[in-house]
Amino acid sequence: MTLAERDAKVIWHPYTQMQTAGLPVGIVKGEGAVLFDEDGKQYIDAISSWWVNLYGHAHPYIAQKISEQLTKLEHVIFAGFTHEPAVQLAERLLPLLPDNQKKAFYSDNGSTAIEVALKMCLQYWLNKGQKRTKILAFNNSYHGDTFGAMAVSGRSAFTAAFDELLFEVDFIDLPTRENISDLKSHISNLRSELACFIFEPLVQGSAGMLMYEAQYLDELLHHCRQEQVLTIADEVFTGFGRTGKRFASEYLTAQPDIMCFSKGLTGGTMALGLTTCTQAIYDAFLSQDKMKTLFHGHSFTANPIACTAALASLDLFESDDTLANIQRIKQRHSVFMEQVKVHPKIRAVRQTGTIIAMEWETGEQTSYLSSLRDRIYNYFLDAGIILRPLGNIIYILPPYCITDRQLDYIYRKILDALNEI
Ligand SMILES: *Cc1c(COP(=O)(O)O)cnc(C)c1O
């Protein structure tokens, strides 16, 4: 039996309608931007394995560091105990962030990093004796699949089965020149109830790589500060170079109170979540009263292997190669964008840094459930490219080590697909 057939007997896959989905592809090996299946077929990983991989698969440097750490310390309870990788990671990462970020709280994935951020904000106000329980978020946002993270995400097919149980969130449109003053007065009107505002800076990934201007977000964040509404930058996806700068928040002058990281944090090697915050938020939990404690943690909080992977990943992130690669991909994408945007089957193209997204003309509205999606997906799989369209939106989000030849092949196949599908 193949891996895929054995899988079909025992596994239930994420986001997958198991009745109609084809057999999964059994992957046995990865190297650079390429994955190998059990028949030896190669695939270019054009989506960085769900946006997590930065430097290529099975990176020898990260592997070596992890392997050394594994024989030293694999895990230890993180309440009452600490270890070198967790401390060193916070010591190295905090100085790379906006300079108001002073404390690091670990968890083990992106959704949990968001849950922690939400709890920090809600309890911050409680600890200060103020009743502020409302949360502000953008329409079409995506912050994860656990209940709190799902609640602050836009209502969609993903949330539909649970909508009634999700706490109420005030959703606003992305800021533009036209609506910015309305958004600001909306916030002012709600200010005494608003605990926090959570946002994906510059790019709303799951929504279909929707992009918006830093300028108006910046204005919105300054306004939140003025109205004492705490702000949470969800950089789970945008962190670590994706948008062309180290963090999307570097495009802003306003500093968020809280930041969330996961995905690229470990170079895509291990599950790890990180929530950072200001001194003021941290201080609001200091008390003789135990009820003011942040009662949150996970068994694998700050796992030493995951922190070690993140440290090794930071070494690679800070090397000249990575910055050059990010610039190279950005440059190549923008050349391709000019080429593809005139195609009659392309409704829109957009790019931020290493992310390029194209909306395929379907004759119907853009939708995650678009029937075109499976045809596009299978077309590229046959061609040895992993692209995972969000409905009729295809995007390229490559590991930074992708070669020019591999990029050219993807670009060419996209043009072929536009003509053939
Ligand atoms: C993926 C993602 C999350 C959730 O992270 P998981 O590790 O998948 O739980 C949260 N926010 C954003 C912006 C994401 O892209």
Could you check Glu227 against Arg191 for salt bridge (Lys or Arg N to Asp or Glu O under 4.0 Å), going step by step and ending with a plain yes or no?
CA-CA 6 Å; Glu227 299 289 20; Arg191 58 170 291 191; 3.1 Å; yes

State, yes or no, whether a side-chain contact exists between Arg350 and Ile393 at a heavy-atom distance under 4.5 Å.
yes

Treating Glu38 as the side-chain partner and Ala4 as the backbone partner, does any N or O pair qualify as donor plus acceptor under 3.5 Å?
yes

Taking atom types as modelled and ignoring hydrogens, do the side chains of Gln215 and Glu219 form a donor-acceptor contact shorter than 3.5 angstrom?
no

For Met209 and Phe237, run side-chain contact (heavy atoms from CB on, under 4.5 Å): C-alpha distance rounded to whole Å, both residues' side-chain angles, the deciding distance at 0.1 Å, then the answer.
CA-CA 11 Å; Met209 303 294 156; Phe237 164 51; 3.8 Å; yes

For the residue pair Lys413 and Phe380, would you count it as a cation-pi contact if the rule is NZ or CZ under 6.0 angstrom from the ring centre and within 45 degrees of the ring axis?
no

Near Glu31 CD, under 6.0 Å, is it more than 12 heavy atoms from other residues, nucleotides or ligands?
no

Derivation of the side-chain hydrogen bond (donor to acceptor under 3.5 Å, both in side chains) call for Glu68 and Gln64:
CA-CA 6 Å; Glu68 286 164 16; Gln64 185 209 329; 2.7 Å; yes

Please tell me whether Glu235 and Thr238 have a donor and an acceptor in their side chains that are separated by less than 3.5 angstrom.
yes

Is the closest side-chain donor-acceptor distance between Ser299 and His75 under 3.5 Å?
no

Taking everything shown except Tyr409 itself, do over 12 heavy atoms lie less than 6.0 Å from its OH?
yes

Taking the side chain as every heavy atom from C-beta outward, state whether Gln255 and Asp99 have any atom pair closer than 4.5 Å.
yes

Please tabulate, for the side chains in residues 167-175, all donor-acceptor contacts under 3.5 angstrom to protein atoms that are two or more places apart in sequence or on a different chain.
residue, atom, partner, partner atom, Å
Asp170, OD2, His186, NE2, 2.5
Asp173, OD1, Asn139, ND2, 2.8

May I ask you to say whether Arg347 pairs ionically with Glu361, meaning some side-chain N is under 4.0 Å from a carboxylate O?
yes

Selection residues 301-328 - residue pairs positive for salt bridge (charged side-chain N to carboxylate O under 4.0 Å, His left out), sequence neighbours left out:
Arg92-Asp315, Arg92-Glu318, Arg328-Asp404

Taking atom types as modelled and ignoring hydrogens, do the side chains of His59 and Asn53 form a donor-acceptor contact shorter than 3.5 angstrom?
no

Given side chains that start at C-beta, do those of Trp360 and Pro389 come closer than 4.5 Å, heavy atoms only?
no

Donor-acceptor pair, side chain of Glu115 and main chain of Gly148, under 3.5 angstrom:
yes

Close aromatic pair by centroid cut-off 6.0 Å: Phe78 and Phe300
no

Regarding Arg373 and the six-membered ring of Tyr377, is the cationic atom NZ or CZ under 6.0 Å from the ring centre and inside 45° of its axis?
yes

Is there a donor-acceptor pair closer than 3.5 Å between any side-chain N or O of His83 and the backbone N or O of Ala302?
yes

Met337 versus Met358: any side-chain heavy-atom pair under 4.5 Å?
no

Using a distance-only test with no angle check, is there a side-chain donor-acceptor pair under 3.5 angstrom linking Lys184 and His223?
no

Which of Trp51, Tyr400, Phe247 passes ring-ring contact (aromatic ring centres under 6.0 Å, His included) with Phe240? Answer is Phe247

Could you tell me whether the side chain of Thr352 and the main chain of Ile355 form a donor-acceptor pair under 3.5 Å?
no

State, with a plain yes or no, whether a side-chain heavy atom of Lys119 is found less than 4.5 Å away from one of Phe105.
no

Below 4.5 Å, heavy atoms only, C-beta onward: do Ile305 and Leu70 meet side chain to side chain?
yes

Any side-chain heavy atom of Phe158 sitting closer than 4.5 Å to one from Met150?
no

Rounding to 0.5 Å, atoms CD1 (Ile44) and OG1 (Thr403) come to a distance of 7.0 Å

What I'd like to find out is whether the side chain of Pro98 reaches to under 4.5 Å of the side chain of Met259, using heavy atoms alone.
yes

Shortest non-hydrogen contact from Leu96 toward Glu250:
O-OE2, 4.1 Å

By salt bridge (Lys or Arg N to Asp or Glu O under 4.0 Å), which residues pair with Arg375, not counting sequence neighbours?
none

Heavy-atom pair of closest approach, residues Pro201 and Leu217:
CA-CD2, 4.0 Å

